[in-house]
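Keep in mind that the numbers below use all heavy atoms, side chains included, and drop hydrogens, waters and symmetry copies.
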Amino acid sequence: MPAPTAKTFETSAETSTDTSDVPQPSCRQTAAHALTIVRDGVITGEGPTTKGRIHFSRALDADDAAWCARFLTVSAVEHQPVSRAEVEALFEISDAAAERTDDGRFDDLLAKAVAHHAASESGLPVPPRTVALSPDTDIESWAPTQATMIDTKVLEWLASQMRGKRRINHRLTALVATLVGVAALPLAQLPGMLDMGML
């Protein structure tokens with residue numbers, strides 16, 4: 001499979017708006033901060049990531065998803081695993097968006113970022129972000145498929161992030177269900193999994 005590049009993520013969000021007010025991430029911490037700027041834009045419909053276009057509050061569109069992909073794949077972090085702070089910022093964006101007009105791109109990105117983080121935190125090798133997070137890369141081609149490969153603490157953290165979510169990310173739910181499996185862990189370790197309809 002040819003390796004997708006960061007060019008895969010180019011959209012009007014990166015080419016038609018003034019980006020001078022948007023910080024260019026230089027590390028995973030600043031990438032997580034940049035994602036909070038997208039979150040704020042989703043919540044209010046205003047801000048540097050919404051300039052030059054009509055954006056309603058509590059809405060997530062294709063440009064918002066492109067901003068997230070851009071921040072997660074800048075060259076400064078391309079070869080580093082997705083951090084917990086970055087994933088938590090993505091969950092906050094997901095929670096903030098009551099309406100979606102991105103054709104599923106954000107949900108795909110969130111599921112892949114979670115898998116990248118979970119695998120790396122468990123000591124497994126992960127591909128560069130530009131490959132792993134690309135819409136052209138199937139998550140099944142690199143993500144772990146067995147719960148025994150993922151650290152229990154990572155699974156517990158993930159379950160806590162997903163518990164009580166208003167909007168279910170079906171792609172992420174399927175991934176977690178695959179990782180957890182029906183009998184991989186005692187339910188006492190992962191409270192709330194039944195509430196999510198995952199088992």
Could you tell me whether a side-chain N or O of [X] sits under 3.5 Å from a main-chain N or O of [Y], the two making a donor and an acceptor?
{"X": "Ser160", "Y": "Trp157", "answer": "yes"}
{"X": "His55", "Y": "Thr50", "answer": "no"}
{"X": "Glu86", "Y": "Ser83", "answer": "yes"}
{"X": "Ser94", "Y": "Leu90", "answer": "no"}
{"X": "Arg28", "Y": "Pro81", "answer": "yes"}
{"X": "Trp67", "Y": "Thr49", "answer": "yes"}
{"X": "Lys112", "Y": "Asp138", "answer": "no"}
{"X": "Ser122", "Y": "Leu124", "answer": "no"}

Rounded at 0.5 Å granularity, tell me how far [atom1] in [X] sits from [atom2] in [Y].
{"X": "Leu35", "Y": "Cys68", "atom1": "CG", "atom2": "SG", "result": "5.5 Å"}
{"X": "Thr101", "Y": "Asp61", "atom1": "OG1", "atom2": "CG", "result": "5.0 Å"}
{"X": "Phe106", "Y": "Ile93", "atom1": "CZ", "atom2": "CD1", "result": "5.0 Å"}

Answer yes or no: is there an ion pair linking [X] with [Y], defined by an N-O contact shorter than 4.0 Å?
{"X": "Asp95", "Y": "Arg39", "result": "no"}
{"X": "Glu78", "Y": "Arg129", "result": "no"}
{"X": "Arg105", "Y": "Asp102", "result": "no"}

Item to check | Residues Ser134, Val131; criterion side chain to side chain contact (heavy atoms under 4.5 Å, CB included); working and verdict | outcome: CA-CA 5 Å; Ser134 170; Val131 174; 6.0 Å; no

Next on the checklist: Assess the residue pair Leu60 and Val38 against the criterion (side chain to side chain contact (heavy atoms under 4.5 Å, CB included)); give the C-alpha distance rounded to whole Å, side-chain angles, the decisive distance to 0.1 Å, and a yes or no.
Outcome noted: CA-CA 9 Å; Leu60 186 146; Val38 175; over 6 Å; no

